[in-house]
There are 2 protein chains.
Amino acid sequence: MTEAGLDTTALQDVLVRELAARRQELVAIDPRLGAPADRLVAFVLDGGKRIRPRFLWLGWRAGQADADTGGTDGSGVLLLGAALELLQASALIHDDVIDRSDRRRGAPATHRALAADHADAGWVGDADHFGVSAAILLGDLALMWADDLFTAGALALGVVPQAAPVWAAMRTEVTAGQLLDLFTSTAATTDPAEQEADAMLVNRYKTAAYTVQRPLHLGAVAAGAPAETVHALLDFGSDIGVAFQLRDDELGVFGDPAVTGKPAGDDLVEGKRTVLLAVARAELAASPDRAAELEDLDRGVGSPAADVERLTAILTATSGPAQVERRISALVASGLGALDRTTPDGRPVVTVGVRSELEQLARRATARRA
Amino acid sequence: MTEAGLDTTALQDVLVRELAARRQELVAIDPRLGAPADRLVAFVLDGGKRIRPRFLWLGWRAGQADADTGGTDGSGVLLLGAALELLQASALIHDDVIDRSDRRRGAPATHRALAADHADAGWVGDADHFGVSAAILLGDLALMWADDLFTAGALALGVVPQAAPVWAAMRTEVTAGQLLDLFTSTAATTDPAEQEADAMLVNRYKTAAYTVQRPLHLGAVAAGAPAETVHALLDFGSDIGVAFQLRDDELGVFGDPAVTGKPAGDDLVEGKRTVLLAVARAELAASPDRAAELEDLDRGVGSPAADVERLTAILTATSGPAQVERRISALVASGLGALDRTTPDGRPVVTVGVRSELEQLARRATARRA
């Protein structure tokens, strides 16, 4: 990042300081809480691309009249950024229980690591259930601490009344997206058009709003941004957020395991219901002579015994990957277009410097290889 | 309750209104979210003795100089009370997953009800895991909405900076208590003195702080109470809160199923590690001629095949029940004593009217039969 973007070292310092304080509160209650606290602290400090705080920061800079000359004190914004990272930790820890994922960021998932602690110590009871139980509680704690950091940041910036509705909307939206993901995988339709609509709905709430749109929004309201700037950021955020998820879906099938840190075709084995899959299924369903491919695809996706090479080959032979690339390009273009709007009195909705930062981050988020 | 206590109808109205608004936000995202939202709404509206909002309300009245003449507008306090009920809903929904409890408040636990929805609808996948997954997410949503209601109430009262640290402490403490409960049951000691110390630690954080002490504290800071009043309420709350849990432990063994709504000896089957059990074990362990009783007790407690009648008889033959009663009485006395303190200039720390309400609620909470 250039200097106008988020200072990730400063964010890390805030996370280190705040998590040490929270850990100390637990250890003061009982020293035995140090070990589970350490699991949560390490998970937050070691991981992630800090994408939500990056968008938050640029939303804040976009909302500041003096953004290109340095802006004002950003320490309150760093607390909001730390809140976003704790919220994300909570979501990932609970998601891994829900998805029964064994690994995360190249290490055992939190509930698996806790189950291993139990087994190693030779404790009584079911190690797997202990791992799930402790992970539910640590995810709850991360969510509570996220809220505490949000309040601290909003108080420091003097924007609790303005920021609270955005924070509320973001948390409700991401959880709604997770519930929809669960319900649409469970009460599953086989109609490709409905599948695509469901996948887009989940993308919109579980990823786009949560990862890009609301962090930008939160930053903008924290800066007291004018309405035109907020609207432009919301439109930019929605488009870039959906494009981000489409890239994620593409990497989940075609990504290089050495770069992504996940097994090849991970989404196929997991049975993730993506736009890519829905588009490919629509094409195969429309050609009677491709019924065998559709059958193989439907039988393989979501099966632990899936032949990933065969499934990948079937998808590659459809227009799915090219269609997804076209959509990503179109979304990036329309998202950037929103930043080129002007206010009623003819000023740009974001300054040239901030626009350049936003474009850089949007391109990184949608063209990444991991 | 007399008129100076919480108006539970007004609290219910706030819960109905706020939950309807949150439900509508979910349905606006997708109508399919109506069904899971309804499960959460019904759980909050149908249940509970509203004990935390009752203590919150009296903490608030205790902190007001004009408490005995009616006090000021309480609508912000009702929002805080609603926040406490949502927090409790979240804790219970996640607890039932952790404890693998099938029933709650005379109905299927949330994860069991959701699993039954899945099975009834004939959806794909594992109904039990679906129930657990949806319950984790609904518990998360309840926790998020609790925080949103806290912020709304604290903003309405103009006390965000004063109330936020109390809200933070309460949430960290209850989760610490739950983690300790999990870890002390798992890495279990058989030494009666250590068992008793662990049970008291869990009582203090999982119940006393969360149920009595911090709700009072939150109400007091919301009213801008003087330091002496806050300190008296904290001491009162700690004692009454621990006594409340000791009564809960007694009811968990000797409670009348027709009144408690739980099976006889439920805590014995579940293997709950209570002060009552630790005290009884200490007595049996000290008498070599009672080794058979101790062996039966240790083999039976926590076993699904436990002979509840036999275990209850063993406990009844010890001084455990009487010791627990004596402790409850002593805690109620010392808790009420804290309310009789005076300020340095000789005024009582709480008014006569509020003291009477607090005593009434303390006696109800510690002498209840259900």
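Excluded from the calculations below are hydrogen atoms, water molecules and symmetry mates; all remaining heavy atoms, backbone and side chain alike, are included. Per chain, numbering begins at 1; letters A, B, ... match sequence-line order. For clarity, every value in this text was computed on a predicted model and none was experimentally measured.
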Need one label for [X]: side chain, backbone, both or neither, based on atoms under 4.5 Å from any heavy atom in chain A.
X: L137(B); result: both
X: A121(B); result: neither
X: Q178(B); result: both
X: L180(B); result: both
X: V124(B); result: both

Counting C-beta onward and ignoring hydrogens, is there a side-chain heavy-atom pair between H129(B) and T186(A) closer than 4.5 Å? no
Could you state the interatomic distance from [atom1] ([X]) to [atom2] ([Y]), rounded to the nearest 0.5 Å?
X: R32(A); Y: D198(B); atom1: CZ; atom2: CG; result: 4.0 Å
X: M144(A); Y: M170(B); atom1: CE; atom2: CE; result: 8.5 Å
X: W123(B); Y: S185(A); atom1: CH2; atom2: OG; result: 11.5 Å

Residues which pass ring-ring contact (aromatic ring centres under 6.0 Å, His included) with Y210(B), listed by chain and number, not counting sequence neighbours: none
Proximity breakdown for [X] and chain B, heavy-atom pairs closer than 4.5 Å:
X: T151(A); value: side chain
X: A168(A); value: both
X: D126(A); value: side chain

Residue selection (most heavy-atom pairs with chain B, distance under 4.5 Å) from [options]:
options: V132(A), L201(A), D148(A); result: D148(A)
options: V174(A), L87(A), T175(A); result: T175(A)
options: L155(A), D99(A), L138(A); result: L155(A)

Identified side chain to side chain contact (heavy atoms under 4.5 Å, CB included) counterpart of L179(B) within the set D30(A), L33(A), I29(A): L33(A)
Pick from P36(B), A164(B), A169(B), G302(B) with the largest number of heavy-atom pairs that fall under 4.5 Å of chain A: P36(B)
Between W145(A) and T172(B), do the side chains contain an N or O donor and an N or O acceptor separated by less than 3.5 Å? yes
Who in residues 89-97 of chain B is close to chain A, using a strict under-4.5 Å heavy-atom cut-off? H94(B), V97(B)
Quick test of your reading of the model: are R171(B) and D140(A) salt-bridged, counting only N-O distances below 4.0 Å? no
Quick check on R204(A): does its CZ atom have over 12 non-hydrogen neighbours (other residues, nucleotides or ligands) under 6.0 Å away? no
